[in-house]
Engineer: 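One structure coming up, written as structure tokens, with questions to follow.
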There are 2 protein chains.
Amino acid sequence: MIAPGRPDATTSSSLEALALALETSGDVGLRERKKRARRESLIDATQRLVERDGIDSVTVEAICEAAGVSTRTFFNYFESKDDALLGHVPWPVSPVAAARFVEGGPSGDLLVDLEELLATVIEQQPAGHERFRRAIALVAHEPRLLARHMAWFESHRSEIHQLVEQRLGPAPSVDPETVASIAMLLVHATAQRWESTGADSDPRAHLAAVVAEVRALFAGDLR
Amino acid sequence: MIAPGRPDATTSSSLEALALALETSGDVGLRERKKRARRESLIDATQRLVERDGIDSVTVEAICEAAGVSTRTFFNYFESKDDALLGHVPWPVSPVAAARFVEGGPSGDLLVDLEELLATVIEQQPAGHERFRRAIALVAHEPRLLARHMAWFESHRSEIHQLVEQRLGPAPSVDPETVASIAMLLVHATAQRWESTGADSDPRAHLAAVVAEVRALFAGDLR
DNA sequence: GTGCAACTTTGCATTCGACGCAATATCGGC
DNA sequence: GCCGATATTGCGTCGAATGCAAAGTTGCAC
């Protein structure tokens, strides 16, 4: 990890995107800030071009030209073109929320606490809600992206899996794998509804609605 | 480059597969049977080579040499190398079971009937249980394949989605999207357990166990 | 500010997946 | 046996992705 440093020493730069990104993450050295700025500008360039021309008419070369870096550099930042398009960026689970969940809190009921954990995760989306919604929208009508998106989710699935395993202990009453899959389903369904109803709606409310529906389904209340 | 003249010794095995496939589906013309046979032998060759050498050391060219077809033909059969590896083959929902589900049967409870529908789907796996298990095993420790696998599932998801929509009518008590996602989750979790416990176990039992776990989770029975 | 070490970017070459196209071979029906 | 329909094949091409080593930046100590 990186220790928080001095307040932002504003360096005058001619690049707008660079300057913007520099001020939003003013904590570490110039090298690190430049790195983040480039990553952001690559994601921006990718999403902008794809929105205009469609996913398959946009080459990595074109993206790099727009962002002003070499194509080789692109692949220093992203494993694939699709990753840049979806703006896949590390999305950590808050250690505080995770610890509370593992210890059996806050309510004591597994599902309720899982819901709480997921809510904090969703709210802490680092890249900003706007980009997250854009990614969900892209996924919604590009099947190929859904695949990549799920793979990304998968890395989180294993994190949730571990937390559930820790909470349940050595003789789990339910398969942690299953719980983790459920968690991913809830996040995905919530994101989808959130996307289709507008960014200003409350993600927690959507999450609660999804949980309620699934509960009704499994309670045998539906015909 | 390659000088693919007459088929060499390696084709003998694929000829066996060809003969096998020819006799197992004796209903349509020779042309159709040959087509299926080739598809089977390509899947076989792909899985065999990948099991031996690892996914990234196996080129499409190598697969085609082993199966005795041109690389161009490979892509007449599969959209991608990964599809051949997973043995993705059309997996239709039985129209009879689907109709019964849509009409509100057999039990009247949405979840119970969904379970029944999925059970028939799983049991009717066309490619044979053995290959299905191999695919699940591959997916389990090759993250990249998970993506493709999910995309394949996605096409089924939309089919389930339609059935649920038809059953629930114009004012659905639950989002059909969510139900479809749940269905895919159940199938996937069931497949995973089935794979890890041996092919001779009963898939229906695994499905029932998964459903029971999720039900307990949403009933608030778990801590 | 000079210089050195660590890290990044970049150009270049290469491999391989995937597709379009046109020529050739095969099948099915008559 | 011939002809239309369908499948296979070879060839050319595009573009994603990676390894490698040279050139460029940044961080840091003095």
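All values derive from a computational prediction rather than experimental measurement. So that the names make sense, note that chain A is the first sequence line, chain B the second, and so on, each numbered from 1.
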Engineer: Name the closest nucleotide to the A:Arg72 side chain, picking from D:dA17, C:dA18, C:dC12.
Structural biologist: C:dC12

Engineer: Rounded to the nearest Å, what distance is computed from the CG atom of residue B:Asp83 to the P atom of nucleotide C:dC19?
Structural biologist: 10 Å

Engineer: Walk along nucleotides 3-8 of chain D from 5' to 3' and tag each nucleotide B, S or - by protein heavy-atom contact under 4.0 Å, base first, then sugar-phosphate.
Structural biologist: --BBSB

Engineer: Would you mind reading off the distance between A:Leu42 atom CG and C:dT9 atom P, rounded to a whole angstrom?
Structural biologist: 10 Å

Engineer: Determine whether A:Leu186 and A:Glu115 make a side-chain contact, defined as any pair of heavy atoms from C-beta on separated by less than 4.5 Å.
Structural biologist: no

Engineer: Distance check needed: C:dA18 C1' versus B:Arg148 CZ, whole Å only.
Structural biologist: 11 Å

Engineer: Whole-Å distance between C:dT10 P and A:Phe75 CZ?
Structural biologist: 14 Å

Engineer: How would you list all residue pairs meeting salt bridge (charged side-chain N to carboxylate O under 4.0 Å, His left out) that involve residues 175-189 of chain A, not counting sequence neighbours?
Structural biologist: A:Arg157-A:Glu177, A:Asp175-B:Arg193

Engineer: Under 4.0 Å between a side-chain N/O of A:Lys34 and OP1 or OP2 of C:dT8, yes or no?
Structural biologist: no

Engineer: Round to the nearest Å and state the distance from A:Leu85 atom CG to D:dA16 atom P.
Structural biologist: 12 Å

Engineer: I need the full list of salt bridge (charged side-chain N to carboxylate O under 4.0 Å, His left out) pairs touching residues 91-100 of chain B, with sequence neighbours left out, sorted by first then second residue.
Structural biologist: none

Engineer: Tell me what B:Ser80 touches on the nucleic acid: a base, only sugar-phosphate, or nothing, going by heavy atoms under 4.0 Å.
Structural biologist: sugar-phosphate

Engineer: Before accepting this row, confirm whether a basic side-chain N of the pair A:Glu79/B:Arg144 lies closer than 4.0 Å to the acidic partner's carboxylate O.
Structural biologist: no

Engineer: Rounding to a whole Å, what distance do you find between A:Phe74:CZ and D:dG19:C1'?
Structural biologist: 18 Å

Engineer: Atom OG of A:Ser41 and atom NZ of A:Lys34: how far apart are they, to the nearest 0.5 Å?
Structural biologist: 12.0 Å

Engineer: What ring-ring contact (aromatic ring centres under 6.0 Å, His included) pairs are there with at least one residue in residues 44-76 of chain A, not counting sequence neighbours?
Structural biologist: A:Phe74-A:Phe78

Engineer: Do the charged groups of B:Arg48 and B:Asp53 touch, with an N to O distance under 4.0 Å?
Structural biologist: no

Engineer: Where along residues 46-62 of chain A does a heavy atom come under 4.0 Å from DNA chain D, residue by residue in number order?
Structural biologist: A:Val58, A:Thr59, A:Val60

Engineer: Does a donor on one side chain sit under 3.5 Å from an acceptor on the other, for B:His206 and B:Thr197?
Structural biologist: yes

Engineer: Which whole-number value in Å describes the distance from A:Glu65 CD to C:dT9 C1'?
Structural biologist: 17 Å

Engineer: Tell me, which pairs form a side chain to side chain donor-acceptor pair (under 3.5 Å) where one or both residues lie in residues 58-73 of chain A, sequence neighbours left out?
Structural biologist: A:Ser70-A:Thr73, A:Arg72-A:Asn76

Engineer: Given C:dA18, is OP1 or OP2 found less than 4.0 Å from the side-chain N or O atoms of B:Lys81?
Structural biologist: no

